[in-house]
Amino acid sequence: MDFFLVALTFWSLVILSLLLLIHGLWKKSWQSLVVSGFAFLLPMLYFAMVDKLFIAFALLPIVPFILAYNMKKKEL
């Protein structure tokens, strides 16, 4: 049961972060992109250690942060 709750939490974070990523790109909201990056962070670091594809998965949460930085920079 413990593994089920962990898996449910991680996959819900992944789905939430994907939805926030789409929302942030659609509405041009840098705040949604930052929250999406933070929601991606924990599951992707866990999946990176399990699958031994650390570079591929660990760099994935950086993408929303870079997009948010670029959007915030364009606003100023």
Side-chain angles (χ1 to χ4, degrees):
M1 186 68 179
D2 292 334
F3 181 72
F4 176 73
L5 292 176
V6 170
L8 183 67
T9 302
F10 279 177
W11 283 111
S12 62
L13 279 172
V14 169
I15 292 169
L16 173 72
S17 61
L18 286 174
L19 290 174
L20 284 170
L21 180 67
I22 292 169
H23 179 266
L25 291 174
W26 183 33
K27 297 288 186 176
K28 306 265 193 256
S29 170
W30 65 269
Q31 294 95 348
S32 293
L33 291 173
V34 169
V35 174
S36 172
F38 281 124
F40 258 134
L41 207 55
L42 183 63
M44 289 304 137
L45 288 177
Y46 175 75
F47 293 144
M49 292 301 203
V50 171
D51 293 335
K52 299 199 182 196
L53 295 172
F54 186 72
I55 302 287
F57 283 119
L59 294 179
L60 190 59
I62 293 174
V63 173
F65 290 125
I66 292 172
L67 290 171
Y69 176 75
N70 286 336
M71 281 187 188
K72 180 67 175 172
K73 190 174 172 183
K74 281 184 183 180
E75 281 183 5
L76 298 176

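The shortest side-chain heavy-atom distance between Val14 and Trp11 falls under the 4.5 Å cut-off. With a 4.5 Å cut-off on side-chain heavy atoms, Leu67 and Trp30 do not count as touching. Inter-residue side-chain proximity for Leu59 and Met44 is flagged as unmet; no heavy-atom pair is nearer than 4.5 Å. Side-chain contact between Leu21 and Leu33 is present, with heavy atoms from C-beta onward closer than 4.5 Å. The closest side-chain heavy-atom distance from Leu25 to Met71 is below 4.5 Å.
The CG atom of Leu16 sits 12.0 Å away from atom OG1 of Thr9, with the distance rounded to the nearest 0.5 Å. For the atom pair CG (Leu20) and CD1 (Ile15), the distance works out to 12.0 Å, reported to the nearest 0.5 Å.
Residue-environment remark: NZ (Lys72) exceeds the threshold of 12 foreign heavy atoms within 6.0 Å. Enclosure of atom CZ in Phe38 is not indicated, since only 12 or fewer non-hydrogen atoms of other residues, nucleotides or ligands lie within 6.0 angstrom.
A donor-acceptor contact shorter than 3.5 Å is absent between the side chain of Ser36 and the backbone of Ser32.
Connection of Phe65 to Tyr69 is not established within any shared hydrophobic cluster, with ILVMFWY side chains joined at heavy-atom distances below 4.5 Å, either directly or through further cluster members. Cluster annotation: Val6 and Phe40 are assigned to the same hydrophobic cluster (Ile/Leu/Val/Met/Phe/Trp/Tyr, side-chain heavy-atom contacts under 4.5 Å, transitive). A single hydrophobic cluster is seen to contain both Phe10 and Leu18, as judged by linkage of ILVMFWY side chains at heavy-atom distances under 4.5 Å, directly or through other members. Under a hydrophobic-cluster definition in which Ile, Leu, Val, Met, Phe, Trp and Tyr are linked whenever side-chain heavy atoms come within less than 4.5 Å, directly or via other members, Leu8 and Leu19 are assigned to different clusters.
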